[in-house]
Amino acid sequence: MTDDDADAARHVRGRVPTSEPWIPVRDLNNDGAKLLGRGDTDAGARMLREAIARTEGSDEVEARDLRARALINLSGMHDYRAELDEALRLIDEALSIGTALVEEVGDERGTRTVIVNGMVSRTQILAQSDHLEEALVQADEALAMLDAHDDIGQADLMRFQVHNVRSSLLLFTGRLQDAEADARAALDLAARVDPALAAHPYLTLGAIAQQTGDMVASNEFIELAHGMQDPEGDLVTRQITLENRARSAMQQGRHEEAGDLFREAAILAREGDLVTRETASRMGAAAAYLQIGNPALAAKTLRTLIDELGTDGAVHDRREAYGFLGDAESKRGKFALADEAYLAARELTRSAYERCRVDLRRAEMQAEWASFTPLSKKRMERLRRGLDLAIPVLLATEALRADFTPGPVRERWSLQVSAPARELAFRLAVTLGDAEVLFALIENASASATLQAESIEARLSDSDPEDAPLAPVTELFPDPTPPAEPDSQIDLVLPAAASGFIGEIAAPVPLRFAPPPRVMPIPGSEPALEPWIRIAEAEYDVAVRSETVVAGW
């Protein structure tokens, strides 16, 4: 659950009215949650702790149910403050209480809603704590509980929260198309629950568009999110609204205005003790400093932020801060410091997509460093180091394209990383005068691909077990002679395969291109690009080439 949609989720009611003795505890819980949303975290936390204290030691169903609710709300305060261990401890206690209650008395008090709410919060905390796989499992378990019990209170709101959190998590792990699917599912649910909630998936869609190079769409999504939010709402909403205005100004080139808005958003976050939101705003301000040509101030801001985050800050916050610091130091001409920052960012990456982006920035920095290096030998070393970074990024990103369904998103993503890596690799090879590498890069650019027959067979067998197995397809262009009685699935697959598509998004086992073969430029020689192929496959855990070797002559 993100900071901004947490408050809406926490106001859940039981199916049985609260009895007289427990009404004060109920009111403490609800009022404490409202105060947290308004940014008065100290007063809100005091009320929630009082509610929890009043339930201590009671075996009554109402007391335990109210305790679970208050624990989840209090965990939100620790989440705001980036105190993740304590937030997780409170969530786990709440889930333990809620699960036991449902087993004992069923869902008479709407406790399953509390459990799902806790699962969503736990997903977010796990993600920030760098337990990404566990976070995805927790999100899936929340959806499974919603699917298994169609009488859960506020089910559509709960589904919205799960899809919203899951989309952010998938975005963080580089699974952009899956993230988009969850964001759009959240958008559909927001239309049924509360249109104002649509601001959150719009922001995710904006981030996806930005990462795939569609700045027009990104700006449109951010503007839509901004229009959905109430500038007079609670502190969390107002802070997020300021951030959105800052991002919109940044994308439209109004960098001075963006910096002012980010600083204002950071101050507002500090007033509400919203540590995670303050971190995001301060990084936005640093990015604005870079754009207006003040890398020294950007670097100073980022180093202060990194020191404050320590090793307990959210992984994605630290990774982004180090990445921006590398950019700032590079612009200052402090290339050794830039490389240190990029390497620190790389250590915090959690997907091949992220590592490719960081390594491309490192390669570009090495090329720039070389241009400022007077000594010929050292200059050539840095050019070679840039080439050794750029070629594996190029090979890996070409292979990673297979993770996307063919279409504009895949091509825009490719243009963001593999196209710049290719351009840089060619430029460095020419500068170094390395004709052999240049020839190999040209050979690579014209490499063909084959289809994996296993994926076709698996897809057909999954879709209809009565279908006869399809003969293996080993060429990019299959035999144009159609079978005597064409199967409807084959009609769908083969034209798409022949034109470079891998099939439907919803296919359980999507068609994929097999890695192209290794190319031997001269009889008896090592396949072209072989050293970099091995590096790319090891560094990015992706199959770049098949074991087949073909002659390039």
Side-chain angles (χ1 to χ4, degrees), residues 2-7 35-42 44 76-84 87 124 128 168 199-200 203-204 206-207 210 222-223 225-226 229-310 312-328 341 345:
T2 60
D3 294 334
D4 11 311
D5 64 15
D7 189 53
L35 285 170
L36 288 184
R38 293 171 187 161
D40 193 346
T41 53
D42 289 337
M77 185 272 290
H78 290 287
D79 189 5
Y80 288 155
R81 293 179 174 176
E83 298 165 352
L84 303 181
Q124 181 192 8
Q128 291 187 77
S168 298
H200 311 306
L203 287 175
T204 301
Q210 184 180 38
I222 289 174
E223 288 293 332
H226 175 52
Q229 291 170 323
D230 180 8
E232 303 302 321
D234 61 32
L235 185 141
V236 175
T237 301
R238 285 184 282 123
Q239 196 277 336
I240 289 292
T241 300
L242 278 173
E243 273 193 26
N244 291 345
R245 287 175 57 198
R247 291 191 180 96
S248 180
M250 180 78 83
Q251 291 192 6
Q252 292 175 24
R254 304 194 312 273
H255 302 127
E256 294 275 5
E257 179 186 346
D260 291 341
L261 289 169
F262 274 126
R263 286 190 292 273
E264 189 178 345
I267 291 169
L268 196 59
R270 194 175 305 123
E271 289 176 1
D273 212 8
L274 309 177
V275 175
T276 53
R277 297 264 43 93
E278 183 186 351
T279 297
S281 294
R282 289 168 67 186
M283 274 195 284
Y289 298 146
L290 274 176
Q291 292 299 324
I292 62 177
N294 195 342
L297 182 55
K300 180 180 178 181
T301 301
L302 290 162
R303 288 195 181 279
T304 301
L305 181 59
I306 289 167
D307 288 343
E308 292 176 4
L309 285 171
D312 296 327
V315 168
H316 59 275
D317 288 339
R318 288 187 286 137
R319 185 202 72 224
E320 189 172 357
Y322 275 118
F324 276 136
L325 180 60
D327 295 343

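Just so it is clear, the values below take in all heavy atoms, side chains as well, and ignore hydrogens, waters and symmetry mates. Residue numbers start at 1 and run along the sequence shown. Model, not experiment: these values are computed from the prediction.
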Colleague: To check you understand the geometry: which heavy-atom pair defines the closest contact between A280 and R247, and what is its length?
Modeller: CB-NH2, 4.5 Å
Colleague: If the condition is side-chain contact (heavy atoms from CB on, under 4.5 Å), which residues does H255 pass it with, not counting sequence neighbours?
Modeller: M250, Q291, I292
Colleague: Give the minimum heavy-atom separation between A225 and A199, together with the two atoms involved.
Modeller: CB-O, 3.5 Å
Colleague: Restricting to non-hydrogen atoms, name the atom on A328 and the atom on L290 that form the minimum distance, rounded to 0.1 Å.
Modeller: CA-CD2, 3.5 Å
Colleague: Under the side chain to side chain donor-acceptor pair (under 3.5 Å) rule, collect the residues that match up with D273, sequence neighbours excluded.
Modeller: R81
Colleague: When rounded to the nearest 0.5 angstrom, what distance separates CG in N244 from CG in L203?
Modeller: 4.5 Å
Colleague: Can you sort out the partners of A265 under side-chain contact (heavy atoms from CB on, under 4.5 Å), two or more places apart, ordered by chain and number?
Modeller: Q239, L242, E243, S281
Colleague: If you look only at pairs with a residue in residues 258-268, which of them pass as a side chain to side chain donor-acceptor pair (under 3.5 Å), with sequence neighbours excluded?
Modeller: D260-R263, R263-Y289
Colleague: Quick one: list whatever passes side chain to side chain donor-acceptor pair (under 3.5 Å) with S248, sequence neighbours left out.
Modeller: N219, E223, Q252
Colleague: Kindly determine whether H200 and I240 satisfy side-chain contact (heavy atoms from CB on, under 4.5 Å), including the steps that lead there.
Modeller: CA-CA 10 Å; H200 311 306; I240 289 292; 5.8 Å; no
Colleague: Heavy atoms, side chains only, cut-off 4.5 Å: are Q210 and I222 in contact?
Modeller: no
Colleague: Got a second to check how far Y80's OH is from T41's OG1, nearest 0.5 Å?
Modeller: 9.5 Å
Colleague: Going from CG on L309 to OG1 on T279, what distance comes out if it is rounded to the nearest 0.5 angstrom?
Modeller: 5.0 Å
Colleague: List for me each residue that meets side chain to side chain donor-acceptor pair (under 3.5 Å) alongside E83, sequence neighbours excluded, and say none if there are none.
Modeller: H78
Colleague: Using atom types as modelled, flag every donor-acceptor pair under 3.5 Å from a side chain in residues 295-307 to any protein atom, sequence neighbours excluded.
Modeller:
{"unit_1": "T301", "atom_1": "OG1", "unit_2": "L297", "atom_2": "O", "d": "2.8"}
{"unit_1": "R303", "atom_1": "NE", "unit_2": "E329", "atom_2": "OE2", "d": "3.3"}
{"unit_1": "R303", "atom_1": "NH2", "unit_2": "E329", "atom_2": "OE2", "d": "3.0"}
{"unit_1": "T304", "atom_1": "OG1", "unit_2": "K300", "atom_2": "O", "d": "3.0"}

Colleague: Kindly write out the residues that satisfy salt bridge (Lys or Arg N to Asp or Glu O under 4.0 Å) with E257, not counting sequence neighbours, or none if the list is empty.
Modeller: R254
Colleague: Got a sec, which pairs hit salt bridge (charged side-chain N to carboxylate O under 4.0 Å, His left out) with one end in residues 282-294, sequence neighbours left out?
Modeller: E278-R282, R282-E308
